[in-house]
Amino acid sequence: MSASGGTKAIVAALAANLAIAVAKFVAFLFSGSSSMLAESVHSLADSGNQGLLLLGGKKAQREATPQHPFGYGRERYIYAFLVSIVLFSVGGMFAIYEGYEKIKHPHEITHWYWPVGVLVFAIIAETFSFRTAIKESNTIRGKQSWKEFVRHAKAPELPVVLLEDLGALVGLVLALIGVGLALGTGDGVWDGIGTLCIGILLIAIAIVLAAETKSLLLGEAAGVEDVRKIEAALVDGDTVPAIIHMRTLHLGPEELLVAAKIAVRHDETATEVAAAINAAESRIREAVPIARVIYLEPDIYSETEAAKGPDPEAAPGGPTPTAEH
């Protein structure tokens with residue numbers, strides 16, 4: 001997995017979640033808190049999720065084969081989608097079930113110092129993990145807002161870890177509030193309500209992750225900046241006077257397919273056209289290094305057709321339409 005895959009953030013989250021899961025389960029055994037049981041399962045599910053992300057990154061590095069000529073880059077999207085399913089089923093649904101049972105059959109929390117102590121420890125550990133994820137994300141986020149980064153990131157690992165860590169921190173606060181109210185009032189129903197809120201939170205995060213990774217699985221175009229760089233690299237004003245139309249597709253987070261019909265002049269020889277295509281490919285790869293698969297189709301440039309404006313179905317010579325994102 002490349003650095004942009006956020007391996008450091010994944011490993012940090014995995015270490016934190018494993019330690020927290022053990023601590024929460026011990027606290028549950030001593031206190032009987034359903035919030036602690038839900039949170040321990042949540043942390044265990046998160047640990048499994050980080051394992052899935054690491055496995056997906058490893059599988060994505062396999063070489064292309066005749067059966068899969070474009071490689072296995074989308075493995076990372078598949079495993080990120082599996083993470084959303086695990087988070088929904090194992091994390092969210094289990095927490096809702098536990099919360100419902102605790103509200104229906106409340107019981108008093110014993111040995112209060114166990115759940116409170118573990119929750120404080122967990123908040124500190126999750127804060128460290130979350131801070132690592134933020135630091136890793138900032139190296140590639142640029143000027144995007146956090147919402148834009150999660151929505152438009154082509155590498156799924158960092159958005160997944162960010163949302164998981166954010167959900168974990170909010171869930172821990174909810175668990176602490178639930179336990180605190182249960183201890184203060186002597187009514188175990190509050191512990192169940194806290195658990196129920198954790199479940200709803202996890203399901204909401206899982207739905208967001210599923211929607212974003214589904215979009216990546218279906219196939220997304222290059223980002224706006226990369227499209228502009230490719231267009232600028234393609235047209236040199238001499239051998240390639242215009243782009244008739246162009247399509248881009250992410251084969252994986254760090255691999256981009258570019259397919260374009262480019263205009264060439266009617267009096268150029270086949271040798272000159274071939275040289276123009278080779279030069280254009282070199283310019284694209286220099287401008288956007290992840291553009292590794294490039295298919296360029298030459299067509300005769302027509303000023304008359306070009307004057308008709310952008311139209312992806314235009315006859316030869318019409319310029320490329322504005323990219324939609």
Side-chain angles (χ1 to χ4, degrees), residues 3-28 31 33-54 80 83-84 86-87 90-92 95 112-141 144-150 153 155-183 191 194-195 197-206 208-209:
S4 62
T7 307
K8 184 178 179 181
I10 298 172
V11 172
L14 177 60
N17 281 317
L18 284 174
I20 292 169
V22 173
K24 287 174 180 176
F25 191 71
V26 171
F28 160 71
S31 67
S33 167
S34 67
S35 290
M36 284 294 92
L37 179 59
E39 277 293 315
S40 64
V41 173
H42 172 198
S43 294
L44 193 61
D46 280 354
S47 300
N49 288 342
Q50 274 99 51
L52 286 172
L53 292 176
L54 291 172
V83 165
S84 67
V86 171
L87 194 63
V90 179
W112 63 269
Y113 41 85
W114 277 101
V116 172
V118 167
L119 285 171
V120 171
F121 163 74
I123 288 172
I124 294 171
E126 284 290 358
T127 300
F128 168 76
S129 175
F130 192 39
R131 180 177 174 273
T132 303
I134 290 173
K135 187 177 179 181
E136 290 286 294
S137 299
N138 279 334
T139 61
I140 60 173
R141 184 169 64 96
Q144 295 181 96
S145 67
W146 286 108
K147 180 181 178 181
E148 290 173 335
F149 175 69
V150 170
E157 292 84 3
L158 281 172
V160 168
V161 173
L162 277 168
L163 287 177
E164 275 191 351
D165 285 350
L166 177 62
L169 278 171
V170 176
L172 288 167
V173 172
L174 290 173
L176 191 59
I177 292 171
V179 170
L181 288 172
L183 291 171
D191 186 30
T195 307
C197 291
I198 292 168
I200 294 170
L201 171 70
L202 294 180
I203 287 175
I205 290 174
V208 172
L209 287 178

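What you see below is based on every heavy atom in this structure, not just the backbone, and it leaves out hydrogens, waters and symmetry mates. Keep in mind it's a predicted model, so treat the numbers as computed, not measured.
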What closest approach, in Å, do Phe128 and Ala12 show between heavy atoms, and which atom pair accounts for it?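 Heavy-atom minimum between the residues: CE2-CB, 4.4 Å.
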Compare every heavy atom of Cys197 with every heavy atom of Leu174, then report the nearest pair and how far apart it is.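 Distance-wise, the nearest heavy atoms are CD1-CB, 3.9 Å.
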Non-neighbouring partners of [X] that pass side chain to side chain contact (heavy atoms under 4.5 Å, CB included), sequence neighbours left out:
X	answer
Leu181	Ile177, Trp190
Phe149	Ser137, Ile140, Arg141, Gln144, Trp146, Ala153, Leu158, Pro159, Leu162
Lys135	none
Thr127	Ile123, Leu169

Which residues pass the side-chain hydrogen bond (donor to acceptor under 3.5 Å, both in side chains) test with Ser43, sequence neighbours left out?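 Scan of Ser43 (side-chain hydrogen bond (donor to acceptor under 3.5 Å, both in side chains), adjacent residues dropped) gives Lys24.
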Taking side chain to side chain donor-acceptor pair (under 3.5 Å) as the cut-off, I'd like each qualifying pair that reaches into residues 164-178, sequence neighbours left out, listed once.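 For residues 164-178, and leaving out neighbouring residues, the side chain to side chain donor-acceptor pair (under 3.5 Å) pairs sorted by first residue read Asn49-Glu164, Gln50-Glu164, Ser129-Asp165.
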For the pair Glu148 (side chain) and Ser145 (backbone), establish whether a donor and an acceptor sit closer than 3.5 Å, ignoring hydrogens and angles.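 It does hold such a pair.
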Going by heavy atoms in the side chains, are [X] and [Y] under 4.5 Å from each other?
X	Y	value
Asp46	Leu87	yes
Leu53	Val161	yes
Leu54	Leu14	yes

With sequence neighbours left out, what residues match Asp191 under salt bridge (Lys or Arg N to Asp or Glu O under 4.0 Å)?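 Per chain and number, Asp191 pairs via salt bridge (Lys or Arg N to Asp or Glu O under 4.0 Å) with Lys102.
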